[in-house]
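Have a look at the structure below before the remarks.
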Amino acid sequence: MRKVIRPYGSIPETLHNDAVRTAKHELTKHYRLPDEERARRRVELDRKIWSSDKVRNRLWELFSAKCAYCETPLNYSQRGEVAHHRPTGGAIGLKSRSEESSANHSDYYNWFAYEWDNLLPSCLDCNRSKRNIFPVKGPRARLRCTWTEAEANEQALIINPCRIEPRKHLRFGINGHVAGVDEVGRTTIDVLSLNRGDLVDARAQKLEHCLRVLVGVRGERDVELFRKELLDDSPYCGVARIAFFYMLSAFAGMFDIPKPSFRTIVEDSLRIVLTASEDQLQTLQELARSHPQPEEFPILREIVTEQFREDSFSPRLRASQVERIRIRNFKGIAQLDLEIPSLQDERGVPCMMLLGENSTGKSTALQAIALALMGQKMRLRIGVSPEDRMPRDVAGWQLEDTVTPEVILEFDTGEPIKFQIDPLTRRFVGEEHPSIVLFSFGSRRFFGKEVIRRQTTSPVRSLFDPFAKLQHPGRWIQTLAPEAFNALARAMREVLILREDDKIERDAAGRLFVRANGRDTPLEGLSDGYRSLMAMVLDIMRGMIDNWGDLENARGLVLIDEIETHLHPRWKLRVMSALRRAMPNVQFIATTHDPLCLRGMHDGEVQVFVRDEDQQVALLKGLPDVRGLRAEQLLTSDYFGLASTADPEVEDALERLVIPFASNNLQRNRDHGTLRSFQWLGDTPFEQIVNEAFKRFIDEDIAARQVDRRQVREEAVNDLLVRLRALRMERPS
């Protein structure tokens with residue numbers, strides 16, 4: 001970490017234009033609400049403002065295309081994000097999970113969302129680890145204060161690299177580990193996970209290389225090489241400057257030579273080494289291996305030994321996003337590769353919707369993902385049999401035990417997760433403990449009307465057991481602290497698509513009820529559709545709040561089979577958008593048979609499972625952008641593959657009418673009467689020819705669904721063009 005000065009006037013134009021003024025006006029309207037009502041509503045922030053190319057490019061220029069916190073280069077192998085130093089809502093400290101919910105305040109610090117001084121470039125690892133954690137010592141700043149007032153009045157416990165000199169709080173060892181000199185340093189390390197394994201290794205390589213160059217300086221080439229390693233655009237140059245400053249300060253004190261200055265650490269390092277004897281250089285290398293020592297800094301005595309141990313870093317739950325899923329020999333899936341596309345300047349995280357006819361492996365894919373992520377204890381608890389997930393011989397249904405079922409999940413950060421079934425021992429082989437917050441639901445989702453005092457259920461069981469009930473949320477809702485209930489109410493407003501004057505409340509006994517359509521309805525009295533949706537959503541929210549403290553910043557993966565179950569068409573149209581707004585950092589992978597549920601999905605997020613000519617599960621290629629199709633078009637497109645949505649009798653009549661010689665004149669007259677209202681058939685010879693070609697293409701395509709439909713369509717279009725051009729050439733001039 002190194003200090004970076006923002007030049008005066010460096011603010012990009014996109015942070016002070018009309019869009020920002022409009023966004024801040026919406027913030028003002030939010031703050032005018034009564035305190036209690038404001039706490040149960042979410043403020044809408046315009047993500048496109050701070051994630052614009054102009055903001056990103058200016059930050060990358062100021063910070064030399066490196067993470068502001070850990071100095072990892074932000075290039076093609078390590079993607080970066082525009083991060084907020086103070087979070088955009090729900091700021092929490094370092095208290096226990098049970099205390100965080102009550103300490104959390106939804107308004108802190110969303111009024112700094114568009115503040116230039118609050119924006120930093122961050123690698124995915126630092127930003128995911130930090131999320132909405134912003135500890136302070138003492139009270140938080142006044143609501144809606146200025147940035148200058150917040151920096152002056154809050155005792156923030158995370159280093160702001162544009163304001164605080166990191167060397168005053170951090171010490172780096174030659175092995176790459178970092179220790180905190182004081183509470184600010186220790187908190188910064190903890191919140192940003194600065195002792196994560198890959199980062200420690202990268203810093204160690206940097207420092208070892210710099211040390212070798214320094215002690216081996218023999219000429220101008222070596223001198224320039226050392227200078228280059230400590231330039232601003234060099235990876236981990238701030239780490240190297242801090243490490244060499246304190247190491248050479250200790251070395252200079254041992255031999256009574258002038259100590260280095262931090263501002264001129266490069267030249268001072270060269271001065272000290274070039275005047276040192278061979279014995280002194282040997283001492284310097286020995287000092288580097290043991291530096292810093294606990295006795296040098298009294299406050300480090302009890303923490304430095306633990307922090308500098310190789311195995312001292314204990315990662316939190318993953319905040320990563322799934323990017324790729326590889327399934328091999330799992331039940332009826334021989335080979336399947338799913339890729340979840342990244343979203344560009346979109347709110348939330350990438351999700352996926354799986355389509356396909358029955359028995360094409362959609363539910364199997366969800367179960368494979370769940371088993372890979374849930375951990376061994378949960379696999380045993382839900383009683384899933386490994387044999388039931390092994391492939392079977394197509395001809396005789398015998399168990400195929402010569403191949404190994406395998407699932408590999410790749411993330412945008414962190415190591416992949418691999419899960420297998422040993423075909424010989426018939427045992428699961430995978431992660432011992434879950435490393436991600438996971439929920440999975442089958443097509444039956446409900447809870448009973450009674451509140452059971454000691455009911456315990458699994459967050460994944462219903463995907464494997466269709467008769468498993470979800471835990472009744474009543475008692476949990478009664479125990480929620482006010483701030484946690486407000487977080488729940490904010491999210492439930494999104495999911496239930498409530499109107500402006502509708503509310504989610506608790507009565508005197510703490511029981512939840514919905515005030516909608518002019519009446520108050522308790523949780524148990526809601527319709528089946530409400531109850532089904534709320535049973536699932538409240539189950540997810542309970543787990544996310546328990547693990548993360550709030551819902552706006554919670555991360556995890558939710559698997560839902562047949563998401564359309566019990567939903568009215570109005571909800572089907574909005575269910576995915578509502579879930580993504582309610583929990584914007586949670587990934588959802590769902591299946592559906594309903595085109596309405598594709599609303600809220602982005603281009604590339606919908607995958608269609610089919611059976612190929614060998615009856616193996618495959619993915620359909622060349623699908624159009626789902627956002628540009630109406631429900632009727634979705635049904636007749638490659639997503640659902642229907643030849644038509646018309647009445648079958650109408651279809652029969654249409655076919656006889658379109659093809660002139662298919663029936664006699666009398667029958668055609670009858671059909672013409674039947675189809676009189678269907679003007680889309682075509683009023684001109686050209687339209688009739690085109691529609692006839694389309695009809696024949698669809699009939700031929702029904703038998704070819706398992707091949708590349710884009711290629712089939714292209715061939716049909718080209719053939720139609722050839723025929724039309726031939727007809728034009730035959731016309732008399």
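- The distance from atom SG of C123 to atom CG of L199, rounded to the nearest 0.5 Å, is 7.5 Å.
- E562 contributes no side-chain N or O that, together with a main-chain N or O of G442, makes up a donor-acceptor pair within less than 3.5 Å.
- More than 12 non-hydrogen atoms from other residues, nucleotides or ligands lie less than 6.0 angstrom from CZ of R426.
- With D412 contributing its side chain and Q321 its backbone, the two residues share a donor-acceptor pair below 3.5 Å.
- In this structure, A372 and V407 approach most closely via the heavy-atom pair CB-CG1, 4.0 Å.
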For this session: Given side chain to side chain donor-acceptor pair (under 3.5 Å), test Q420 with E406 step by step and report yes or no.
Result: CA-CA 4 Å; Q420 293 179 332; E406 181 179 69; 2.7 Å; yes
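- A donor-acceptor distance shorter than 3.5 angstrom exists from the side chain of R580 to the backbone of G600, with no hydrogens or angles considered.
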Problem set entry | Derivation and outcome, side-chain contact (heavy atoms from CB on, under 4.5 Å), residues R381 and M374 | CA-CA 11 Å; R381 179 180 172 186; M374 67 176 62; over 6 Å; no
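- Side-chain contact between P350 and E605 is present, with at least one heavy-atom pair separated by less than 4.5 Å.
- A side-chain N or O of E400 and one of T402 form a donor-acceptor pair less than 3.5 Å apart.
- Minimum heavy-atom separation, F428 to S385: CZ-C, 4.1 Å.
- In terms of heavy atoms, L596 sits closest to P569 at CD1-CB, 3.8 Å.
- Distance alone, capped at 3.5 Å, places no donor-acceptor pair between the T360 side chain and the V610 backbone.
- In this structure, the side chains of H602 and R627 come closer than 4.5 Å at one or more pairs of heavy atoms.
- Atom-to-atom distance recorded for L192:CG and L194:CG is 4.5 Å, nearest 0.5 angstrom.
- The only member of L371, V617, L336 that meets side-chain contact (heavy atoms from CB on, under 4.5 Å) when paired with F330 is L371.
- A donor-acceptor pair under 3.5 Å is absent between the side-chain atoms of N127 and the main chain of S122, judged by distance alone.
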For this session: Quick one: do I92 and N553 satisfy side-chain contact (heavy atoms from CB on, under 4.5 Å)? Show the steps, please.
Result: CA-CA 11 Å; I92 57 176; N553 296 280; over 6 Å; no
Problem set entry | Chi angles and distances behind the salt bridge (charged side-chain N to carboxylate O under 4.0 Å, His left out) call for R444, D561 | CA-CA 9 Å; R444 291 167 53 92; D561 201 12; over 6 Å; no
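- Within the 4.5 Å cutoff, side-chain heavy atoms of L488 are placed close to those of I477.
- Rounding to the nearest 0.5 angstrom, the gap separating the CZ atom in F609 from the OG atom in S359 is 13.0 Å.
- Residues R379 and V384 have side chains not in contact (no heavy-atom distance under 4.5 Å, counting atoms from C-beta outward).
- Between I421 and R427 there is no side-chain heavy-atom pair separated by less than 4.5 Å.
- In this structure, P391 and P405 have side chains that are in contact, with non-hydrogen atoms separated by less than 4.5 Å.
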Problem set entry | Stepwise salt bridge (charged side-chain N to carboxylate O under 4.0 Å, His left out) check, E357 with R611 | CA-CA 9 Å; E357 296 183 2; R611 293 278 180 183; over 6 Å; no
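- Using a 4.5 Å heavy-atom threshold, the side chains of C70 and R196 count as touching.
- Closest approach of V437 and R555 over heavy atoms only: CB-O, 3.7 Å.
- A donor-acceptor pair is defined here as one N or O able to donate and one able to accept, closer than 3.5 Å; such a pair exists between the side chain of K206 and the backbone of P235.
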For this session: Carefully, step by step, assess N585 and R128 under the rule side-chain contact (heavy atoms from CB on, under 4.5 Å).
Result: CA-CA 10 Å; N585 290 299; R128 301 286 168 79; over 6 Å; no
Exercise. Would T592 and E564 satisfy side chain to side chain donor-acceptor pair (under 3.5 Å), going step by step from the backbone distance to the final call?
Worked result: CA-CA 6 Å; T592 188; E564 73 274 13; 2.8 Å; yes
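- Taking 4.5 Å as the limit, some side-chain heavy atom of F441 sits within range of a side-chain heavy atom of L470.
- Distance alone, capped at 3.5 Å, is enough to place a donor-acceptor pair between the N195 side chain and the V178 backbone.
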For this session: Step by step, work out the side-chain contact (heavy atoms from CB on, under 4.5 Å) result for L366 and L354.
Result: CA-CA 9 Å; L366 295 185; L354 307 180; 4.3 Å; yes
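- Contact record, I340 with V322: CD1-O, 3.6 Å, taken as the closest heavy-atom pair.
- Expressed to the nearest 0.5 Å, how far OG of S440 lies from CD of Q367 amounts to 8.5 Å.
- Distance check: Q616 CD to I333 CD1 gives 10.5 Å after rounding to the nearest 0.5 Å.
- Ion pairing between R328 and D337 holds under the 4.0 Å rule for side-chain N and carboxylate O.
- Separation of atoms CG (L373) and CG (L438) is listed at 5.5 Å; rounding is to 0.5 Å.
- Using a distance-only test at 3.5 Å, with no hydrogens or angles considered, no donor-acceptor pair links the side chain of D190 to the main chain of R186.
- The two atoms that bring G80 and L74 nearest to each other are CA-CD2, 3.9 Å, heavy atoms only.
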